[in-house]
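The figures here come from the full heavy-atom set of this structure, side chains too, leaving out hydrogens, waters and symmetry mates.
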There are 2 protein chains.
Amino acid sequence: MADVARLAGVAISTVSRALANPGRVNEKTRAKINAAAKQLGYTPNAMARNLRVGKSNIIMIILPGSLYYGVSQIIPQVLQSINKSLIQGGYNLMIANLDRDEISERHILDLAFGGSVRGAIILSSKLPEVDGRSLANSGLPIVSMLLDMSDAGLQSVITNDREAVRDVTAELIRLGHRRFFYLAGPEGNYHDVERYGGVLEALEAAGLSKQAVHRSGGRLDYQHGFDIGVQAADDFAGLAEKPTAVIATSDDMAISFVSRIRRAGLSIPDDLSVVSFDGSPVCEFSSPPLSTIEQPVEEMGRAAVELLLDAIGQRQNPASVRTVVRSKLILRESIAPPKT
Amino acid sequence: MADVARLAGVAISTVSRALANPGRVNEKTRAKINAAAKQLGYTPNAMARNLRVGKSNIIMIILPGSLYYGVSQIIPQVLQSINKSLIQGGYNLMIANLDRDEISERHILDLAFGGSVRGAIILSSKLPEVDGRSLANSGLPIVSMLLDMSDAGLQSVITNDREAVRDVTAELIRLGHRRFFYLAGPEGNYHDVERYGGVLEALEAAGLSKQAVHRSGGRLDYQHGFDIGVQAADDFAGLAEKPTAVIATSDDMAISFVSRIRRAGLSIPDDLSVVSFDGSPVCEFSSPPLSTIEQPVEEMGRAAVELLLDAIGQRQNPASVRTVVRSKLILRESIAPPKT
DNA sequence: CGATTTTTGGCAAACGTTTGCTATAAGACA
DNA sequence: TGTCTTATAGCAAACGTTTGCCAAAAATCG
């Protein structure tokens, strides 16, 4: 920086002000300084800067290991959307894995408490906590995405899972379906609770009993999405009274389920209607093309970043701590009225 | 840190040595210091540390925007594998997007030259370069993954694309196939060149003419994998002499191609054998289950990190600058001898 | 117990910025 | 020409560590 100052014939403090602050320096000298910097190939040292101003420009995204595969269809989109928004705001994106081990938790906490990051977007229901340090009281702005953690006081950007599933179930009922097969995610998982709840609400609204839905799966996490579908197909085969409609809680499990069911000789949608969740592009090319509830991932990513940057900017937005982005039902050939 | 020192009853320099260096301090006092740190909830400031020692502990991964979707099946695995290896080595992973605009290039260069990152793993054939600054001469250790950039002097971790495609083509020839349909990636793309080359080599080895393969696609990048398959299906429909075997260069395009082809009334593998590339799990559940060449993503990620850390550690490894990880052909029902 | 080795204390400089302060210089204006 | 405004210079402290140095203390050993 001193070299740049010398070359531009200005003081070092002026260089600093020219490069960092917007208004403090005359446009002409700023141009001179930029030219000198370019000529010398000078790039300000980000770490020194961050140290001095006491804040980092890195945002970390906390992904539970199990998310990688299970929702593998949407993770790349999430990352791309978030990163794009962040860069526009001058921030960088760091990846933090949250597995079930203490090491990864400690690692995340080190990042948070070590001043490395400025904020976090979390896609896990579990906040890292070990040795008395907890992400919750790290002082970092945090926003949760996909999962509703407003109970824990976190801003949350979510979809209307429950409502969407309720609506699609209602639609199936309208088509004449009376017996359902629900492909569950991990027991207790937020999404699973919401989605199953949506099914039950629709049943109740139609005056149907809870017995109308058979719940399958729930022993594996989303990481094993395909396995869930395979096991569920076995489960289905063993049922005396066959359901006529299937509600799956991820595309992965729907795809493997359908594959196995068709191999067993059943036809979709003639024998069985299927609707799934996530909206991955591959659904369009399944056979038959799968109806699915599309998660508006990009929009959620943008919203999450916006909330986070607001929180960082201290522009307190005491408004709703829960941002709901509407998901979108995509109807394809996998749904039809039941054979009578 | 001063507080910790006071509480532990030691000097501040001792605390520093205890927390950072491995051997320099007695095990007993180290324990005392750790206890004090925990009690106070103290975490060393990473930025100050990095500034002082003049090196960051952040590795950036450079993903071209187009990779996100096209190879969406494998990106999450790449990230997970790399991140896992990095964390074990005490490093963090930062995401850098490389799009076709100058902004993203500048951003990456700022990271590289601003001392923010310690090394880079790049999955793009294009090295960011603007205003005379180039990633190539940033002094950063870089390793390329998926793409062979050893010509540009970069360590490269790649698969044996060409060989794998050659082998599978030879297998198709052995089964009796004589006319092929090749689903291309972007024209000039490294992978496409390699894979197409593999096809041609196999043809030549069998004494077949280049005319035996019809090349389709190549106008879109991998980002539009599904679209490629759709267009190729139209292309296929217009052919007078139908090929009997299809070689696709990504799972996405294979899946959409198969979907459209079957809709047109053709049966796989009776009318048409199909083999694709990537090895995404969904292939097993396509109808019919797709043969595919599996990219050993995790292994490549590990290898890339290992090379990078070696380079950082200055342990010059002047050995082969190209690391080839063998891909794996997974045979499923989508392949059969042609109907005669 | 003396000699030797190991460990720690204390000090201070350094990493590359930002930023508040005062003082000076340069323009603008009347 | 004098006054007011704006822009810059120059200085120095600060951010929170690490690390080399030397001396002091403690532990180990014969």
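- Of all nucleotides listed (D:dA9, C:dG10, D:dT17), C:dG10 comes nearest to the side chain of B:Arg17.
- As rounded to whole Å, 15 Å separates atom C1' of C:dG16 from atom CZ of A:Arg6.
- Where B:Val53 and A:Leu51 each meet DNA chain D at their nearest nucleotide, the meeting point lying more 5' is that of A:Leu51.
- Shown here are the side chain to side chain contact (heavy atoms under 4.5 Å, CB included) partners of B:Ala152, two or more places apart in sequence or in another chain: B:Met149.
- A salt bridge between A:Lys126 and A:Glu105 is present, with a side-chain N of the basic residue lying under 4.0 Å from a carboxylate O of the acidic one.
- The side chain of B:Ser13 lies closest to C:dC11 when the candidates are D:dT17, C:dC11, D:dA9.
- Checking the phosphate oxygens (OP1, OP2) of D:dG16, no side-chain nitrogen or oxygen of B:Tyr42 falls inside 4.0 Å.
- Among the nucleotides D:dT17, C:dT17, C:dG9, the one closest to any side-chain atom of B:Ala11 is C:dG9.
- Atom-to-atom, CD of A:Glu27 to P of D:dT6 comes out at 17 Å; the value is rounded to the nearest Å.
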Which atoms of nucleotides 23-27 of chain D (N or O only) lie under 3.5 Å from a protein N or O atom, and what are those distances?
none

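- Of the N and O atoms on the side chains of A:His107 and B:Asn92, at least one donor lies less than 3.5 Å from an acceptor on the other residue.
- Listed for the B:Ser156 side chain is a donor-acceptor partner under 3.5 Å among the backbone atoms of B:Ser150.
- Between A:Glu27 and A:Arg30, at least one side-chain nitrogen of the basic residue sits less than 4.0 Å from a carboxylate oxygen of the acidic one, meeting the salt-bridge criterion.
- Protein atom CE of B:Met1 is 12 Å distant from nucleotide atom P of D:dG16, rounded to whole Å.
- Taken residue by residue, residues 31-41 of chain A places no heavy atom nearer than 4.0 Å to DNA chain C.
- Checking C:dG9, C:dT19, D:dT17 against every side-chain atom of A:Ser16, the shortest atom distance belongs to C:dT19.
- Atom CD1 of B:Ile103 sits in a sparse spot, with 12 or fewer heavy atoms from other residues, nucleotides or ligands closer than 6.0 Å.
- With respect to A:Asp101 and A:Arg106, no salt bridge is recorded, no charged nitrogen being found less than 4.0 Å from a carboxylate O.
- For A:Ile12 and D:dA13, the CD1 to P distance is 16 Å, given to the nearest whole Å.
- Here A:Gly9 lies in heavy-atom contact (under 4.0 Å) with sugar-phosphate atoms only.
- No engagement by B:Ala2 is indicated, since no non-hydrogen atom pair under 4.0 Å with the nucleic acid exists.
- Between A:Thr14 and D:dA7, a side-chain N or O to OP1/OP2 separation shorter than 4.0 Å is absent.
- Cation-pi geometry between A:Arg133 and A:Phe113 is met: under 6.0 angstrom from the ring centre, within 45 degrees of the axis.
- Side chain of A:Val10, nearest nucleotide from C:dG16, D:dG16, D:dA9: D:dA9.
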